[in-house]
Amino acid sequence: MSQQKETTIYDIARQLNISAATVSRGLKDHPVINKATRKKIQDLAKQLGYRSNTFASNLRKKSTSTIGVIVPRLSSYFMSNVLAGMEHIASTEGYNLIISQSLETLQKEIANADTMFTNRVDGLLVSLSYETENLDHFEPFIRKGIPLIFFDRIKEHSKCMGIIIDNYQSAYEATKHLLDQGYRRIMHIGGNTVSRVYAERLRGYRQALADQKIALDPKLVITKNMSEDAGVEAAEHILKMKHRPDAVFSANDACAVYCMRTLKKAGIKIPEEIGFVGFNNDPMSKVVEPNLTTINYPGYAMGEAAATQLINHLNGITNLTSTNIIILRSELIIRESSRKKKAKS
């Protein structure tokens, strides 16, 4: 099948017997062209299937009005909230988002970054993959002066901004809550500490134990990929332990919930025998029985903050290098999974 020739403004001008410049202005709804002529131009353009050449226009403007976003997983409830916050700000300011996922691999993240660079995004928002140890693949953006903001999972760079919560303090409060409830043998299920997120959550856990003069037991710190399957694996590991933990602090809710479910099926009582605290305030934390104590992590606000900072930089309102890190608030939400001590009436 032969490909139909693309309609141009010259085709429209020829049929209406007007200049190409008039057609161009009419398509942009320019007030210098009278209303009747504008309508004729726009109606004919629609009839002929005219499409504006945004690529050429963008080259002239040196802007694509697009922002690239790279996330580890689109399936994450937290990340969907982040993206919703970004979309709200971007659409309000006249920008489109190009969204891709690394699927937690460095190789895919490198490919995503290359695609964003080739597509000439005006700026880039990135939450790093589980495997990312350096920022070499983002150097083309930095050399070109294309603004880059890391969020949630970040690595610090003098030319880039990072937006996070205080993962250390949040983990400290989660672990201290378990200690205050009378738990003493607390397991931490965390991610790869190459990631600042998981390194800081481990640090907060360790410090809370140290402040209560409780020695860290290396057998109670396990590293997983924080998936649902990892939660099942963690539970199976606990069931085989000679000296089981009496509580678990998981670095995310999915892992905590699936660990809880597996232990319950094996007859473990929660919170009486093992208490649980998760992280992220995922909807599943309110569905599982008992409801999961967790850290409320403001995904939507993080997305809004990241998009706002990037667009303000693009508009010349702020400079990303003037503030290296923005820390957002988070809070501990206490539910039944960790209430070993019943509240006094």
Side-chain angles (χ1 to χ4, degrees), residues 70-73 76 78-79 82 102-106 109 125-138 148-158 160-179 186-212 214-227 230-231 233-234 237 245 247-256 259 277-282 294-299 302 306 324-332:
I70 303 175
V71 300
R73 293 186 312 275
S76 156
F78 167 75
M79 205 54 72
V82 171
S102 66
L103 298 175
E104 297 288 13
T105 71
L106 175 61
E109 185 176 278
L125 303 170
V126 181
S127 182
L128 296 167
S129 85
Y130 195 76
E131 297 179 351
T132 304
E133 296 190 27
N134 62 63
L135 304 176
D136 292 350
H137 47 298
F138 296 110
L148 175 57
I149 293 179
F150 296 107
F151 64 93
D152 185 35
R153 298 192 198 167
I154 74 168
K155 285 193 180 295
E156 291 191 48
H157 191 288
S158 61
C160 307
M161 179 183 284
I163 300 178
I164 55 172
I165 64 162
D166 191 334
N167 285 287
Y168 165 81
Q169 187 61 34
S170 296
Y172 183 96
E173 290 174 10
T175 309
K176 184 177 184 300
H177 164 68
L178 288 168
L179 292 165
I186 302 169
M187 172 176 278
H188 176 54
I189 306 172
N192 187 344
T193 53
V194 162
S195 165
R196 174 179 170 145
V197 166
Y198 296 124
E200 287 296 282
R201 291 178 193 178
L202 174 60
R203 191 167 72 90
Y205 157 81
R206 294 177 66 146
Q207 190 60 52
L209 294 179
D211 287 353
Q212 294 292 321
I214 296 174
L216 178 71
D217 183 347
K219 293 177 182 175
L220 293 179
V221 177
I222 59 176
T223 301
K224 294 286 181 183
N225 65 9
M226 305 314 296
S227 65
E233 291 167 9
H237 174 74
V248 172
F249 164 46
S250 170
N252 75 11
D253 287 342
C255 199
C259 186
V277 175
F279 210 111
N280 284 354
N281 197 24
D282 193 289
T294 187
I295 298 291
N296 187 38
Y297 196 166
M302 179 169 282
N324 195 236
I325 299 288
I326 291 177
I327 300 175
L328 303 179
R329 292 180 181 177
S330 58
E331 62 175 329
L332 178 68

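Excluded from the calculations below are hydrogen atoms, water molecules and symmetry mates; all remaining heavy atoms, backbone and side chain alike, are included.
From Arg73, atom CZ reaches atom OH of Tyr130 across 10.5 Å, with rounding to the nearest 0.5 Å. In this structure, Ser195 OG and Glu200 CD are separated by 10.0 Å, a value rounded to the nearest 0.5 Å. The structure places NE2 of His177 at 9.5 Å from CD1 of Ile186, a figure rounded to the nearest 0.5 Å. Note that CE of Met187 is 4.5 Å distant from CD1 of Ile222, once rounded to the nearest 0.5 Å. Remark: Gln207 CD to Thr175 OG1 distance equals 10.5 Å, nearest 0.5 Å. The line from CD1 of Ile295 to CD1 of Ile165 is 7.0 Å long, rounded to the nearest 0.5 Å.
Of the possible polar contacts, one joining the Asn324 side chain to the His157 backbone as a donor-acceptor pair under 3.5 Å is found. With His188 contributing its side chain and Phe249 its backbone, the two residues share a donor-acceptor pair below 3.5 Å. A distance-only check finds a donor-acceptor pair linking the side chain of Asp217 to the backbone of Lys219 [under 3.5 Å]. For Ser250 (side chain) and Asp253 (main-chain N/O), no donor-acceptor pair under 3.5 Å exists by modelled atom type.
Put simply, the side chain of Leu148 reaches to within 4.5 Å of the side chain of Val126, judged on heavy atoms. Leu179 places a side-chain heavy atom less than 4.5 Å from the side chain of Leu209. Contact of the Leu202 side chain with the Tyr168 side chain is not registered, since no non-hydrogen atoms from C-beta on lie closer than 4.5 Å. You'll find the side chain of Ile326 reaches within 4.5 Å of the side chain of Met161, heavy atoms only. Residues Leu125 and Phe151 form a side-chain contact, since some pair of their non-hydrogen atoms from C-beta on lies under 4.5 Å apart. Between Tyr198 and Thr223 the shortest side-chain heavy-atom distance does not fall below 4.5 Å. A 4.5 Å side-chain heavy-atom check between Asp152 and Val197 finds at least one atom pair inside the cut-off.
The minimum heavy-atom distance linking Leu328 with Pro298 is given by the pair CB-CG, 4.3 Å. Nearest heavy atom pair, residue Ser330 against residue Ser170, reads OG-OG, 2.7 Å. Nearest heavy-atom pair across Lys224 and Ala230 is CB-CB, 3.7 Å. For the residue pair Ala234 and Ile189, the shortest heavy atom distance occurs at CB-CD1, 3.6 Å. The shortest heavy-atom contact between Leu106 and Glu131 is N-OE1, 2.9 Å.
Between the side chains of Ser129 and Thr132, at least one donor N or O lies within less than 3.5 Å of an accepting N or O. Neither side chain, Asn281 nor Thr294, offers a donor N or O lying under 3.5 Å from an acceptor on the other. For the residue pair Asp211 / Tyr172, a side-chain donor-acceptor distance below 3.5 Å is found, with atom types taken as modelled.
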Open item on the list: As a quick check of understanding, evaluate side chain to side chain contact (heavy atoms under 4.5 Å, CB included) for Asn296 and Asn280, giving each step before the final call.
Closed with: CA-CA 5 Å; Asn296 187 38; Asn280 284 354; over 6 Å; no

- [ ] Go through the steps for Ser127 and Phe150 under the test side chain to side chain contact (heavy atoms under 4.5 Å, CB included), then give the verdict.
- [x] CA-CA 6 Å; Ser127 182; Phe150 296 107; over 6 Å; no

- [ ] Please report the C-alpha distance between Glu173 and Lys176 in whole Å, then the side-chain angles of each, then the deciding distance to 0.1 Å, and finally whether the salt bridge (charged side-chain N to carboxylate O under 4.0 Å, His left out) criterion is met.
- [x] CA-CA 5 Å; Glu173 290 174 10; Lys176 184 177 184 300; over 6 Å; no

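Surrounding CZ of Arg203 are more than 12 heavy atoms belonging to other residues, nucleotides or ligands, all under 6.0 Å away. The local environment of CD in Glu331 is crowded, with over 12 non-hydrogen atoms from other residues, nucleotides or ligands closer than 6.0 Å.
Taking the ring axis of Phe279 as reference, the NZ or CZ atom of Arg201 stays within 45° of it and closer than 6.0 Å to the ring centre.
None of Lys155, Glu156, Arg153 except one satisfies the side-chain contact (heavy atoms from CB on, under 4.5 Å) rule with Arg196; the exception is Glu156.
Remark: aromatic rings of Phe78 and Tyr297 are close, center separation under 6.0 Å.
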